[in-house]
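Just so we're on the same page: letters track the sequence lines, and every chain starts at 1. Hydrogens, waters and symmetry mates play no part in the numbers below; they use all other heavy atoms, side chains included.
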Number of protein chains: 2
Amino acid sequence: MDTQAAHEILTKHLKSNGKQRATPERFAILDAVLQSQGHFDVEALYYRLISNGVKVSKATVYNTLEVLQECGLVSKYRFAENTSRYEKAFGRPHHHHMICLNCGDIIEFTSDRLERIQEEMANSKGFEIQSTTIQIFGTCSKCRKKV
Amino acid sequence: MDTQAAHEILTKHLKSNGKQRATPERFAILDAVLQSQGHFDVEALYYRLISNGVKVSKATVYNTLEVLQECGLVSKYRFAENTSRYEKAFGRPHHHHMICLNCGDIIEFTSDRLERIQEEMANSKGFEIQSTTIQIFGTCSKCRKKV
DNA sequence: CTCGGTGCAAATGCTTTGCAATGTC
DNA sequence: GACATTGCAAAGCATTTGCACCGAG
């Protein structure tokens with residue numbers, strides 16, 4: 001992905017907020033996020049950072065993920081478990097998830113029609129959408145065959 | 001609501017599982033759930049039970065809510081916060097939520113079209129739906145007017 | 001030089017667990 | 001009686017917080 005563009009987004013966001021500072025930790029975490037594939041939790045991201053020799057604390061990872069979320073570079077999800085999961089949102093279309101309750105697999109999908117209907121529903125209630133999440137829980141095709 | 005019908009569902013579910021027992025605590029918790037309006041968390045439900053003179057432990061509340069979820073009498077949600085929220089699912093149509101990030105208000109809505117498209121999406125992936133959740137985060141009409 | 005950010009470790013708060021006592025089947 | 005369930009308190013975890021130190025602006 002375009003690392004530079006992502007850095008710029010973060011830089012701009014930090015400046016626009018007036019008092020937020022551009023620290024090396026924040027960019028290091030952003031880089032790690034950009035390199036990630038699929039969903040990850042704080043633990044995994046933290047571990048990857050440490051493994052790569054980046055010296056950060058978990059508190060900073062939490063803090064930074066929140067900042068990255070604010071500027072739309074990462075999305076935060078909460079599936080069935082008690083852990084928050086994240087994924088990079090840069091350069092990716094808005095999508096949703098089918099979560100297999102048997103094997104834990106997550107299948108992503110997009111649907112313009114779903115987006116459109118959601119907008120209609122929101123408009124009809126005078127609600128202004130900031131983000132939407134659709135989660136379909138069930139059994140994936142692989143697991144269905146096994147039974 | 002039809003308390004008796006709900007009791008029957010629970011009874012049947014417990015029996016069908018072979019080893020689960022029908023304890024007074026479980027029915028007391030079910031009753032408290034049936035009396036609830038809207039969403040609640042474990043804390044609130046527990047407090048209400050205690051206030052009503054029902055002697056249960058929080059552990060049992062957690063346990064029972066899981067059982068009730070299994071037999072479709074309650075739904076569990078996870079919105080933005082770190083607390084699980086529940087609501088009774090008995091005698092209610094399947095619906096979704098718009099969550100106001102400003103005032104925390106939750107607006108419920110239903111949409112046959114959304115349900116249908118979700119089914120189509122799942123079918124096309126060979127995915128078997130067990131439950132679905134749609135959450136629209138944003139700003140409600142009341143809060144929009146205030147700004 | 002200021003004040004926001006970081007690291008660490010302790011604290012918090014929801015949820016789960018271990019185990020003896022209880023009561024359903 | 002056997003054993004699932006309960007209550008209690010302790011343990012687990014993910015996440016947050018307090019505070020001294022550091023370093024971006």
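Residue contacts shown for A:Gln20 are limited to sugar-phosphate atoms, with no base heavy atom under 4.0 Å away.
Going from atom CG of A:Leu49 over to atom C1' of C:dG7 covers 14 Å, rounded to whole Å. Rounded to an integer number of Å, the gap from CG of A:Asn17 to C1' of C:dG4 is 13 Å. Distance CG (B:Leu14) to P (C:dG23): 18 Å, rounded to an integer number of Å. Going from atom OH of B:Tyr46 over to atom C1' of C:dC14 covers 14 Å, rounded to whole Å. Rounded to whole Å, atom P of C:dT6 lies 11 Å from atom CZ of A:Phe27.
For A:Glu25 and A:Lys55, the salt-bridge test fails: no basic side-chain N is under 4.0 Å from an acidic carboxylate O. Between B:Glu66 and B:Lys76 there is no salt bridge, since none of the side-chain N atoms of the basic residue sits less than 4.0 Å from a carboxylate O of the acidic one. Here A:Glu120 pairs with B:Arg113 in a salt bridge; the nearest charged N to carboxylate O distance falls below 4.0 Å.
Residue pairs meeting the ring pair (Phe, Tyr, Trp, His ring centres under 6.0 Å) criterion with at least one member in residues 7-32 of chain B, sequence neighbours excluded, are B:His7-B:Phe27.
Taking every nucleotide of DNA chain D with any atom under 4.0 Å from a non-hydrogen atom of chain A, the first and last of them, 5' to 3', are D:dA14 to D:dG25.
Side chains of A:Glu108 and A:His96: a donor-acceptor N/O pair is absent below 3.5 angstrom, by distance only.
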Open item on the list: Run B:His97 and B:Phe109 through ring-ring contact (aromatic ring centres under 6.0 Å, His included) and show every step you take.
Closed with: CA-CA 6 Å; B:His97 302 100; B:Phe109 67 94; 7.9 Å; no

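Minimum atom distance to the side chain of B:Arg21 is reached by C:dG23, of the listed C:dG4, C:dG23, C:dT6.
In this structure the side chain of B:Leu14 reaches within 4.5 angstrom of the side chain of B:Leu10, judged on heavy atoms.
Note: B:Tyr77 and B:His95 have tilted aromatic rings, judged against thresholds of 30 and 60 degrees for the angle between ring planes.
Without hydrogens or angle criteria, B:Lys58 side chain to B:Glu43 main chain gives no donor-acceptor distance under 3.5 Å.
Positionally, the nearest nucleotide of DNA chain C for B:Ser84 lies more toward the 5' end than for the other of B:Ala22 and B:Ser84. If B:Lys19 and B:Val56 are placed on DNA chain D by their nearest nucleotide, the residue sitting closer to the 5' end is B:Lys19.
Interface residues of residues 58-79 of chain B facing DNA chain D, ordered by number: B:Ala59, B:Thr60, B:Asn63; criterion, heavy-atom separation under 4.0 Å.
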